[in-house]
Amino acid sequence: MNTNNLIKFVINFSFIFFVNISLVNSASYEFIKQKIIELREGDLQKRIETVQILGSLSSNANFAIAEMINILKNDENHELRMQVIRALERIGGQANLTVPALIEALSDKDWQIRWSAAGALESFGKKAAMAVPELVILLRDDEKFVRNAALSTLGKMGSISVLAMMNEVERSLSYSENQLEIKIMCIRSLGALGARAVIAVPLLIKQAQSDNPVIRRDALYALRRVGRGTTFPGQIRWLADPDELVWPTTSTENNSSLDIDFTEAKKQVMGVIIKAHLDAISDPDMEVRYAAVKGLADFGLESMPAKDRLIIFMYDEDPLIRRVAIDVFASMGPDAVDVIPDLVSALGDFDVNVQWSAIQALRLIGKESVPELIYMLEYDEEIITPNILRTFAELGPLASDATEVLLAKLKHTNPEYRALAAEALGEIRNPSKEVIRSLNLLLTDPNKNVMQSASWSLKELEKIN
Amino acid sequence: MGYISKNIIIFMLFLFINKNLLSQEINVDLELVLAVDVSSSVDEKEYQLQVRGIAAAFRHPDVVSAIQASGGNGIAVAMVQWSDNEEQSLVGGWHVIRDSADAAEYARIIRRSPRIIPGGQTSIAGALSFAIDEIENNNINSSRRVIDVSGDGRSNNGIHPMSIRDNAIDNNITINGLVILNEEPFLGGYFERSVIGGHGAFMMVAEDYRDYAAMILQKLLREIGLPVS
């Protein structure tokens, strides 16, 4: 070992030793006590550094919270107070002390303090529920950052803020100067609450028919989130959880006479939400159409009535619309078998993301897509052929009927085709003698990619043997 | 006591010497950790959309061109699966990618990578700590070190990510974010405030997991293509 390495070792060792000792000490009561003294007596820079250190200790700095709140309330230095809010958010403890202090900061004359306090409350979730009235007032703040932070925090509070947001959505646009913006943000926030905002579905349906395309679009996004199957209540246990003031906790159990089976209600609400999406796919505004098609992908087979329209969208001039239309068929899986020829055509789309969506849709349809893919492989088209080979690899063993055409492609003059065909054979996992022999021949291929693909596939096939 | 201390030091010196003799450091233009969310909010279908999306991105000719144009030494990349504070796993180790064959090889590994962590809560701090540790101890040298963390929720487990993010910045590691708005429409603000940071840090937003492949492609191009500062 040379001298440099020895020095490096000593430095490394000392550093690790020092860090460990520091960590042990940092959590101790005496350490925090010392930092509290520094908060009171140090110069400004030292106090800011101390606040940062305490913040980095997370819950270990719990008993410094009172002193930091004192600074937030009484100190006049902007930077120090900002750092205190950040530290309180990081420490995250003693909500009974911290939340009221942050609520008080929501009406501070310094907008950055209001902004930071609104953001920090987000970390406390439902423990910050008492901040709802003040956060609603902040929706009319002059600063956009403050308004957004307030909305974001309201959106995290759960059902307790649903009524406050519904109220804002229903207000006339002339109620305040920025009421349109508030309305839009509240619609988004209702969507953020998912199934907990199911009570707002009729209101959102009404907004989806607004004259304003932005409101229509965002109402669709919100409806989509509310209607997602996995989070939607199946059965409701009324008033089981006093914390859920608007929409009670859901349960899948049925062991109480107080349980009400909401299956039929759920079906009806879902029907209304899907209908709103189906209606909107012909909206004159492109963004609304996009939101509608995007949303339909969440509803799988329920989107089947829109099939013909979706096929037209697969040839839309906008690649985003083409892609999301394909995603809807992907969500239908094997039931989208009728559109296989269109999906195979989409493999030749000039947009790479559309191509990838088509590959995934064909994968999710499964074995039924293989004959059409084999058929189209005969045309040997520059964009479609490699994507067909990629689709076979994605399908794996489901594409076993393609083994013969893939063996032929191993001899193609284009090295990309040889590499992709070799890889697909490895994914199909059919270790026949012919496959092994053909792949072995490629181990001496002059192209590195072909050689490595063949080698990888042979290893995969060996695992089966 | 003196005898024990002396032996401990000799043993540590032995380990250190062997580590240096046995390992050969590799120089690349970028070290990149792709930290993939596998918490309980991510189902198997969504996991597949993530790994297949990453694999497809590495096969894209523009990504290969960006790698070759990034300085001539290639990039080192590793995928980490993460969920709660105790659950992180390096998938398939570190790989150096210099050409299209290396990229295709890595794509195959990623596409076939099983989900090692079945679920759990969300600890972005845990994911970042693990990724930082992997970068610091991978025996690879580079002038740019990036953690590319993707997720669909904010931390609900472990410490706040801000502390670890700041540690990463202090260690010259950039954290970029790919936010998936599947569960939380306002997650972008949280990532901006609490997760991303460092030289040239940026964040991209995918509306849901179906958008993941398109977004990770754009993100890789931007991460790899960023000129060396």
Side-chain angles (χ1 to χ4, degrees), chain A residues 1 5-6 8-9 12-13 52 55-59 86 89-92 119 122-123 148-149 151-152 155-156 188-189 191-192 194 221-222 225 230-231 294 297-298 323-324 327 330-331 352-353 356-357 359-360 363-364 390 393-394 419-420 423 426-427 447-453 456 460, chain B residues 9 12-17 19-21 41 43 45 48-49 52-53 55-57 59-62 99-105 107-109 111-112 125 154-156 158-164 166-167 181-190 193-194 207-208 210-211 213-215 217-218:
Chain A
M1 184 165 64
N5 277 344
L6 182 61
K8 197 174 158 189
F9 167 71
N12 283 341
F13 184 77
Q52 288 171 334
S56 68
L57 295 176
S58 297
S59 57
R86 194 176 172 192
E89 182 183 358
R90 293 167 96 165
I91 295 168
E122 200 169 320
S123 303
N148 287 348
L151 231 306
S152 178
K156 280 302 291 176
R188 289 181 192 169
S189 291
Y221 278 129
R225 290 183 182 280
T230 50
T231 54
K294 184 87 182 153
D298 276 1
R323 178 157 69 84
V324 292
D327 286 343
S331 75
V352 69
N353 295 317
W356 179 248
S357 283
I359 289 173
Q360 291 306 307
R363 173 176 75 85
L364 292 164
R390 288 186 183 105
E394 290 286 320
L420 289 170
E423 189 175 322
E427 292 286 3
N447 182 286
K448 182 185 169 190
N449 196 9
V450 177
M451 188 263 289
Q452 284 190 358
S453 290
W456 176 83
E460 289 300 305
Chain B
I9 291 169
M12 290 186 76
L13 278 170
F14 172 80
L15 285 178
F16 179 77
I17 292 164
K19 191 187 167 199
N20 278 278
L21 287 176
S41 62
D43 63 25
K45 197 172 147 191
Q48 286 297 326
L49 287 173
R52 286 169 193 268
R59 289 172 186 281
H60 197 281
D62 289 351
D99 56 27
S100 60
D102 295 339
E105 187 80 15
R108 283 191 284 272
I109 291 164
R111 188 177 62 202
R112 291 290 291 271
R154 64 194 70 207
S155 279
N156 55 16
I159 63 170
H160 200 289
M162 277 197 276
S163 315
I164 309 299
D166 295 347
N167 285 347
L181 302 181
N182 213 34
E183 306 277 329
E184 299 185 36
F186 299 108
L187 190 60
Y190 175 80
R193 269 170 58 89
S194 312
E207 204 179 305
D208 54 31
R210 294 183 199 99
D211 290 346
M215 287 300 138
L217 172 61
Q218 281 185 42

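It should be emphasised that the depicted structure is a prediction, and the values quoted were computed from it without experimental measurement. Lettering of chains follows the sequences in order, A, B, ..., and the numbering in each one begins at 1.
Using a 4.0 Å cut-off between a side-chain N of Lys or Arg and a carboxylate O of Asp or Glu, B:R193 and A:E89 qualify as a salt bridge. The existence of a salt bridge linking B:R108 and A:E423 is confirmed by a sub-4.0 Å separation between a basic side-chain nitrogen and an acidic carboxylate oxygen.
Neither the backbone nor the side chain of B:L187 has a heavy atom closer than 4.5 Å to any heavy atom of chain A. Contacts of A:V324 with chain B are absent, with no heavy-atom separation under 4.5 Å from either backbone or side chain. Proximity to chain B (any heavy atom under 4.5 Å) is restricted, for A:N353, to the side chain, taken from C-beta onward. Of the two parts of A:S357, neither the backbone nor the side chain holds a non-hydrogen atom closer than 4.5 Å to a non-hydrogen atom of chain B. Using a 4.5 Å cut-off between heavy atoms, B:R52 touches chain A through backbone and side chain atoms alike. Of the two parts of B:D166, only the side chain, counted from C-beta on, holds a non-hydrogen atom closer than 4.5 Å to a non-hydrogen atom of chain A.
By number of non-hydrogen pairs under 4.5 angstrom with chain B, the leading residue of A:E427, A:E122, A:M451 is A:E427. Counting heavy-atom pairs closer than 4.5 Å to chain B, the top-ranked of the candidates A:Q360, A:Q52, A:R323 is A:R323. The candidate with the highest count of non-hydrogen atom pairs below 4.5 Å against chain B, out of A:R390, A:R188, A:R86, A:R90, is A:R90. Contact count versus chain A (heavy atoms, under 4.5 Å) is highest, among B:L49, B:I159, B:L181, for B:L181. Of the listed residues (B:H60, B:R59, B:K45), the one with the most heavy-atom contacts under 4.5 Å to chain A is B:R59.
Nearest heavy atoms, B:D102 versus A:Q452: N-OE1, 4.1 Å. Residues A:W356 and B:G53 share a closest heavy-atom pair of CZ2-N, 4.1 Å. Residues B:D211 and A:K294 approach most closely at OD1-NZ, 2.8 Å, considering heavy atoms.
B:R210 contributes a side-chain N or O that, together with a main-chain N or O of A:A297, makes up a donor-acceptor pair within less than 3.5 Å.
With hydrogens and angles left out, the side-chain atoms of B:R154 and A:S123 include no donor and acceptor closer than 3.5 Å.
Side-chain contact between B:R112 and A:W456: present, with at least one pair of heavy atoms (C-beta onward) separated by less than 4.5 Å.
Interatomic distance, A:I91 CD1 to B:H160 NE2, rounded to the nearest 0.5 Å: 11.5 Å.
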